[in-house]
Amino acid sequence: MKKILIIATVLFATTAFAQKFEKTKSGLEYVIVKPNKGERIKNNDVVFVDLSYANAKDSILFDNKKVIGQPVQLIVSDGDFKGDLNDALKLLTLGDSGIFKINADSLFQKTFRQPLPPFIEKGTALKFYIKVNKVTNQDALLREQQAEAEMKEKEETVVLSKYIADNKLQPEKTESGLQYVITQAATGPKPENGKTVVVHYTGRLVNGQKFDSSVDRNEPFEFTIGVGQVIKGWDEGIALLNKGAKATLLIPSKLGYGARGAGGSIGPFEPLIFDVELIDIK
């Protein structure tokens, strides 16, 4: 990893010094490394960019490919100060690459809203390297997300139907899309919104991979019903149980972690299977 960072630093510095920086009226210094024809980015555009930046000594402080593994999504606006990242983006078009010197003091004070870190010298500039991968707008992005969600929901339906058939289940289904099977009936009370419940659970993906279990930890989980402390599928599913009952909850992603997923185990649009037991209602 250290070797990779050293190579990245050298490449960053070489690219920056090989080009002559120009300056805008706002004072932003820049080099367009790979210019492309087309309309420049403007206010309210949504852009997806590869973005890295270095300090005055050309040490890489952030690289989206290494840190988050996907492009950075930004909504372009008037900005927080003259010569900020928004001004930099407005010099680019789709497919462009550029290097920009942005004042570190202003960036941390007005954009990040936090003190300047000790490893960045006061009065220096950070060098941003930006490559524009995609330019869209919020309406178009919303339509894309809705279309993707509808497609993924259809795929989930097929996956869950296969899981149910393979495991010979006969679940009940609620209006929300939650499916459940009572595996051990009980006659105790059902929890109402605002009540604290004590639950044992084991969570799995449809491929059988276990991602969490209070049973394995021998530590029941407590939460309050109906106040959003847990995913929607849990709030609804646990409320269906009598105290002492056990059940299997089949939770579609819209009632789980949705398009974001959770951690490294639960991916985007991932349906979840939970074996649960309602131990107590407080």
Side-chain angles (χ1 to χ4, degrees), residues 1 3-114 116-117 119-142 144:
M1 176 61 74
K3 185 177 180 182
I4 293 173
L5 287 176
I6 291 172
I7 293 171
T9 300
V10 172
L11 288 174
F12 195 107
T14 302
T15 305
F17 286 115
Q19 303 286 341
K20 182 180 179 181
F21 281 84
E22 299 181 59
K23 184 180 287 189
T24 66
K25 291 181 179 180
S26 65
L28 174 68
E29 294 185 68
Y30 70 96
V31 173
I32 306 300
V33 178
K34 183 184 176 184
N36 285 277
K37 294 181 179 179
E39 183 182 0
R40 283 188 176 182
I41 293 167
K42 58 187 182 302
N43 276 0
N44 300 317
D45 280 346
V46 180
V47 296
F48 293 80
V49 299
D50 286 328
L51 182 152
S52 59
Y53 58 84
N55 62 13
K57 297 179 180 179
D58 290 312
S59 297
I60 303 294
L61 304 178
F62 174 85
D63 184 336
N64 70 289
K65 293 180 180 179
K66 294 182 176 66
V67 177
I68 60 177
Q70 61 185 16
V72 176
Q73 178 183 334
L74 300 167
I75 299 176
V76 181
S77 67
D78 286 333
D80 303 307
F81 59 94
K82 290 183 178 180
D84 75 345
L85 189 57
N86 289 278
D87 285 350
L89 290 168
K90 291 172 189 176
L91 293 173
L92 300 172
T93 67
L94 176 62
D96 279 356
S97 297
I99 302 174
F100 306 89
K101 294 182 180 180
I102 298 178
N103 182 273
D105 301 77
S106 298
L107 182 69
F108 276 85
Q109 180 183 355
K110 297 181 180 180
T111 300
F112 296 161
R113 301 186 187 282
Q114 56 182 269
L116 191 71
F119 53 84
I120 298 178
E121 295 180 26
K122 186 176 179 61
T124 62
L126 298 183
K127 292 177 185 174
F128 279 74
Y129 186 91
I130 302 172
K131 181 180 183 299
V132 182
N133 299 318
K134 180 178 178 179
V135 181
T136 184
N137 57 62
Q138 295 184 60
D139 290 338
L141 183 61
L142 180 59
E144 288 178 22

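Counting from 1, the numbers follow the sequence of the chain as shown.
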Can you check whether [X] reaches [Y] side chain to side chain, under 4.5 Å on heavy atoms?
X	Y	answer
Leu91	Arg40	yes
Leu126	Leu61	yes
Asp105	Lys122	yes
Ile102	Tyr30	no
Thr136	Phe48	yes
Val49	Pro71	no
Asp84	Lys110	no

Using the ring of Phe21 (Phe, Tyr or Trp, six-membered ring only), decide whether Lys101 places NZ or CZ under 6.0 Å from its centre and within 45 degrees of its axis.
-> yes
Asp45 and Asn137: side chain donor to acceptor below 3.5 Å |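 There is no such pair between these side chains.
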Counterpart residues, side-chain hydrogen bond (donor to acceptor under 3.5 Å, both in side chains), relative to Lys131 (two or more places apart) | Asn133
Salt bridge check, [Y] against [X]: does any charged N sit closer than 4.0 Å to a carboxylate O?
X	Y	result
Lys82	Asp87	no
Asp58	Lys127	yes
Glu144	Lys134	yes

Going through the distances and angles, do Asp78 and Asn43 end up as a side-chain hydrogen bond (donor to acceptor under 3.5 Å, both in side chains)?
-> CA-CA 7 Å; Asp78 286 333; Asn43 276 0; 2.6 Å; yes
If you look at every heavy atom in [X] and [Y], which pair is closest and at what distance?
X	Y	answer
Gln138	Val46	CG-CG2, 3.6 Å
Lys65	Asp50	CE-OD2, 3.4 Å
Asp80	Arg113	OD1-NH2, 4.4 Å
Ile41	Val47	CD1-CG1, 3.8 Å
Ala104	Ile120	CB-CG2, 3.8 Å

Residue pairs, two or more places apart or on separate chains, that pass ring pair (Phe, Tyr, Trp, His ring centres under 6.0 Å) and touch residues 61-92 |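 Output for this query lists Tyr53-Phe62.
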Could you go through the side-chain contact (heavy atoms from CB on, under 4.5 Å) check for Leu85 and Leu51 one step at a time?
-> CA-CA 11 Å; Leu85 189 57; Leu51 182 152; 4.2 Å; yes
Determine yes or no for a side-chain-to-main-chain donor-acceptor pair under 3.5 angstrom, with Asn64 supplying the side chain and Ile68 the backbone.
-> no
Looking only at atom types and distance, does a side-chain atom of Thr124 sit under 3.5 Å from a main-chain N or O of Glu121, one as donor and one as acceptor?
-> yes
First locate atom CG of Leu89, then atom OG of Ser77, and finally report the distance between them rounded to the nearest 0.5 Å.
->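 Answer rounded to 0.5 Å: 9.5 Å.
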About how many Å separate NZ of Lys90 and OG1 of Thr24, when rounded to the nearest 0.5 Å?
->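 Answer for the OG1-NZ pair, Thr24 versus Lys90, is 11.5 Å.
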For Gln114, does the CD atom sit with more than 12 other heavy atoms under 6.0 Å from it, leaving out its own atoms?
->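 Atom CD in Gln114 is crowded, with more than 12 foreign heavy atoms closer than 6.0 Å.
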Please table the atom pairs, donor to acceptor, closer than 3.5 Å between any side-chain atom in residues 92-100 and protein atoms at least two apart or in another chain.
from, atom 1, to, atom 2, distance (Å)
Thr93, OG1, Asn36, O, 3.1
Thr93, OG1, Asp96, OD1, 3.2
Thr93, OG1, Asp96, OD2, 3.0
Asp96, OD1, Asn36, N, 2.5
Asp96, OD1, Asn36, ND2, 3.2
Asp96, OD2, Thr93, N, 2.7

How far apart are the C-alpha atoms of Val72 and Leu74, what are their side-chain angles, what is the distance that settles it, and do they pass the side-chain contact (heavy atoms from CB on, under 4.5 Å) test?
-> CA-CA 6 Å; Val72 176; Leu74 300 167; 3.9 Å; yes
